[in-house]
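Written below as structure tokens is the structure these notes are about.
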Amino acid sequence: MARYPLCVTTTEPVNLETNSTLIPLLCSDTSEDMRVIHNSYFSNTFNGIGEAIGLIGFGSCEEVDELEELAPGIIVNPNHSLFEKDQVYKNKYILTSALKRHSILKHFQFKTTRSSSISYSIQCLGENCSWSLRASSLNKSQMFKIREFESEHTCLLLHNSLTERQATKSVVGSIIVGKCVEPDVIYTPKDIQRDMLAEYGVRLTYMQAWRAKETALELVRSDPIQSYAKLPSYFHILEATYPGSHIGLHKSEDDRFLYAFVALFTSIKGWEYCRPIVVVDGTFLKGAYKGTLLTANTLDAARSILPLAYAIVDSENDASWRWFFEQFRDAFGQRLEMCIVSDRHASIIKAASRVYDEVPHFACMWHLLQNIMKNFRKSQQRVTELFYSMAKTYTMTEFNQCMTIVEKIDKRIKDYLLNIGYNKWSRVHAEVNRTWMIMSNIAESVNSRTRHAKVLTVLHLLEFMRQLVQKWNNNNRSKVTFSDFHLGKKYENILRRNKTASEKLRVIETNKYVYTVLDGITQFTVCLHQRTCTCGRFQLDELPCPHALAVLTIKHTGYEKYCSDYYTRKNLLLTYQFQMDPLPDESTWNTPTHVLEEVVLPPHGKRPPGRPKNKRHTQLREDGFKKAKITCSNCGQQDHNRKTCKNVRPYDQE
């Protein structure tokens, strides 16, 4: 009768005290009844093994004791390089991988003389060389033990170093896997060729290096299907590590993945001390099942980006954006003077108006300008500077002056902007004060930071975003801890410039709170009690303008109480009052049974074949270059070609 150990992984704990029938199983002679022993029972005996080991089908406990002596020395590292007789490896793959890597390091080649599920024998390719190794299964288990090993070479290794038959994609991939962990590190096949030649003396073709890189990426990113299956466990550990976080997972009726939403506790609490402005945007993914990454961000008191929430959805559509805003509302609620800033995506506008019907929604100035240049090409050069001035202006008078000039250039542009609504893009017309947040560039900055992570599986992408939030949170927390400014550094610089501009102004006191400030022949009125100035900057920037600083100087009064609390160091400290701890390693996760039993299947459809696009198609003037003008060869006019020409050809008139 064959007697062998069986390696099993448990799915739930088993109490050996209450299940006494399991204990005799260790020394029983029963082979048809398979039982599962809990991992903790054998963890004290088999140190260093990742799986629980149950010894089933032995006729005596002496054979169990023999394996217990071997267990602490079981080799699980495929990069192991020191081979000796009687060494035990976790499985055959670990042994063969270690041998192939060893042959590359020592510059020799070997051939396999015997290979099966229970035995493995190799010998050096050198003529009459004595180097050889024989290993076999340990009691027909997955573990392999070296039975015979001759370590001395009696051949000239120079003759063997030319074939490089062991430099397969799996071996090279295991060597370079450490350089492929970070998604933002660019490691090309050319780099692999150069490193393998310099470090190991192995010459690889470009395709060999490319296949090795693909193998290394598979080791790092794991199986995309398994990535979806691990989402329930990952979200459970996320909630346990960061209590108070809001995490949402939405599946279809057949348990296929649709949406995932994450808002960490540190971001939820930190947003309470930031100006209630939310900038949202989406960027496409390039993984096996595609998808879109949605993000919501804001600025802290130092004008640094604070990621609020992130989600993975199928695409930017009405359903996905509405689900995102519903999850965001459940996590962050609705605050006074809150507003949303985004591009002119129709699904964002529709979803935001339904979920946050009382919250103003502003358009990104830069994206709106691109639409103007696309629709009104003839006037784009003259309108660009005027549009920026209108969007940033502080007073109605300045806005109307700019709009009058735009109307003279092209009345259609004025009608287009009026149809959108001045309050959607002009700061002076806005229902709530959004200060300098007139573009969605902070969301674009987050998209740029994640551009190399778009190829990751869904689990690794979510973990990348968590690590990004953790890194920024801890870095900003360290900066504010050692700073001594009353305001954020960027706001201090603005005040310093305003202070320089105020030194040449003349102040006339009208009453206790109202002052007249003369800037040459221009007159401004400052009211300290209401924190206003006729220039508009005092109330819209919520910082003392040069005219207000001139008044404060003659009154010998500090500027601190006339600045918004959202700019102060106090709010910045409260924003990052909670430190983000790292997530536990996956091998230490303690996941309940009901979470492990939850099924999450990948979405329908996979990425089409071919090289994915690294950049989206840029619109007109997005890349800084003017688009070439199209001239019709039929009539000689521009902005259309011969096929779309509707003009009468010259020879037809004759």
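Sequence positions, counted from 1, serve as the residue numbers for this chain.
- Electrostatic pairing of D415 and K411 counts as a salt bridge here, judged by a charged N lying under 4.0 Å from a carboxylate O.
- Residue W271 is tested with F332, Y576, F265, Y566 for a ring pair (Phe, Tyr, Trp, His ring centres under 6.0 Å); the sole match is F332.
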Evaluate L574 against K269 for side chain to side chain contact (heavy atoms under 4.5 Å, CB included), listing each step before the verdict. CA-CA 9 Å; L574 293 173; K269 298 299 292 185; over 6 Å; no

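- The existence of a salt bridge linking R466 and E463 is confirmed by a sub-4.0 Å separation between a basic side-chain nitrogen and an acidic carboxylate oxygen.
- Contact between V469 and S267 at its shortest, heavy atoms only, is CG1-OG, 4.0 Å.
- A 4.5 Å side-chain heavy-atom check between L468 and Y310 finds every atom pair outside the cut-off.
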Step-by-step side chain to side chain contact (heavy atoms under 4.5 Å, CB included) determination, V341 to V278: CA-CA 6 Å; V341 180; V278 183; over 6 Å; no

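- Distance alone, capped at 3.5 Å, places no donor-acceptor pair between the S448 side chain and the E444 backbone.
- Judged by distance alone, the side chains of D581 and Y242 never bring a donor and an acceptor atom under 3.5 Å apart.
- Proximity of a side-chain donor or acceptor of E492 to a complementary backbone N or O of K489 within less than 3.5 Å is not detected.
- Taking all atoms of both residues into account, the shortest heavy-atom contact from Y228 to P224 is CD1-O, 3.1 Å.
- A salt bridge (charged side-chain N to carboxylate O under 4.0 Å, His left out) with E542 is found for one member of R537, R434, R275 and no other, namely R275.
- For K251, the NZ atom counts as densely surrounded, since its 6.0 Å shell holds more than 12 non-hydrogen atoms of other residues, nucleotides or ligands.
- Once rounded to the nearest 0.5 Å, the distance linking OG1 of T266 with CZ of R477 reads 10.5 Å.
- With rounding to the nearest 0.5 angstrom, the CZ atom of F464 is 14.0 Å from the CG atom of L459.
- Residues Y567 and R303 are not in side-chain contact: their nearest non-hydrogen atoms beyond the backbone lie 4.5 Å or more apart.
- A donor and an acceptor atom, one from each side chain of R496 and N493, are located under 3.5 Å apart.
- Atom CD1 of I413 and atom NZ of K408 lie 15.0 Å apart (nearest 0.5 Å).
- Looking at heavy atoms from C-beta onward, V432 lies out of side-chain contact with V359 at the 4.5 angstrom threshold.
- The distance between the ring centers of H547 and F538 does not fall below 6.0 angstrom.
- Neither side chain, H460 nor S227, offers a donor N or O lying under 3.5 Å from an acceptor on the other.
- L285 and K290 make their closest contact through CB-O, 3.8 Å (heavy atoms, listed as atom of the first residue, atom of the second, distance).
- With hydrogens and angles ignored, the 3.5 Å screen pairs a side-chain donor or acceptor of R427 with a backbone N or O of T435.
- D318 and S347 form a side-chain donor-acceptor contact under 3.5 Å, judged by distance and modelled atom types alone.
- Put simply, the side chain of N297 never gets that close to the backbone of I442: no donor and acceptor are under 3.5 Å apart.
- Nearest heavy atom pair, residue S440 against residue H367, reads OG-CE1, 3.6 Å.
- Taking each heavy atom of I312 and L293 in turn, the nearest pair found is CG1-CD1, 4.2 Å.
- The CG atom of L368 sits 4.5 Å away from the CD1 atom of I420 when rounded to the nearest 0.5 Å.
- Side-chain atoms of T522 do not come within 3.5 Å of backbone N or O of L518 as any donor-acceptor pair.
- The 12-atom threshold is not exceeded at CD of E358, counting heavy atoms of other residues, nucleotides or ligands nearer than 6.0 Å.
- Between Y259 and F324, the gap from one ring centroid to the other reaches at least 6.0 Å.
- Residues F284 and K286 approach most closely at CE1-CG, 3.7 Å, considering heavy atoms.
- Contact of the R569 side chain with the H486 side chain is not registered, since no non-hydrogen atoms from C-beta on lie closer than 4.5 Å.
- Between Q539 and R531 the shortest side-chain heavy-atom distance does not fall below 4.5 Å.
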Evaluate side chain to side chain contact (heavy atoms under 4.5 Å, CB included) for Y356 paired with H361, printing each intermediate quantity in order. CA-CA 9 Å; Y356 283 106; H361 184 194; over 6 Å; no

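- Using a 4.0 Å cut-off between charged side-chain N and carboxylate O, E503 and K499 make no salt bridge.
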If you apply the rule ring-ring contact (aromatic ring centres under 6.0 Å, His included), what do you find for F524 with Y515, and how did you get there? CA-CA 8 Å; F524 299 93; Y515 295 82; over 10 Å; no

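- Other residues, nucleotides and ligands place no more than 12 heavy atoms under 6.0 Å from the CZ atom of R506.
- Side-chain contact between T525 and V514: present, with at least one pair of heavy atoms (C-beta onward) separated by less than 4.5 Å.
- In terms of modelled atom types and a separation under 3.5 Å, the side chain of T557 and the main chain of K555 share a donor-acceptor contact.
- For E431 and N423, the side-chain atoms include at least one donor-acceptor pair closer than 3.5 Å.
- The line from OH of Y394 to SG of C533 is 11.5 Å long, rounded to the nearest 0.5 Å.
- S353 contributes a side-chain N or O that, together with a main-chain N or O of K350, makes up a donor-acceptor pair within less than 3.5 Å.
- A distance of 10.5 Å separates CD of Q577 from CG of N571, quoted to the nearest 0.5 Å.
- Checking side-chain atoms of S320 against main-chain N and O of S315 turns up a donor-acceptor pair under 3.5 Å.
- No side-chain heavy atom of S252 sits under 4.5 Å from any side-chain heavy atom of F257.
- Screening W323, F328, F261, W321 against L294 for a side chain to side chain contact (heavy atoms under 4.5 Å, CB included) leaves a single residue, W321.
- In terms of modelled atom types and a separation under 3.5 Å, the side chain of N498 and the main chain of P544 share a donor-acceptor contact.
- Of the possible polar contacts, one joining the S389 side chain to the E385 backbone as a donor-acceptor pair under 3.5 Å is found.
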For D281 and N447, run side chain to side chain contact (heavy atoms under 4.5 Å, CB included): C-alpha distance rounded to whole Å, both residues' side-chain angles, the deciding distance at 0.1 Å, then the answer. CA-CA 8 Å; D281 196 15; N447 292 343; 3.0 Å; yes

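- Contact of the L495 side chain with the L549 side chain is registered, since non-hydrogen atoms from C-beta on lie closer than 4.5 Å.
- Aromatic ring centroids of H429 and F399 lie under 6.0 Å apart.
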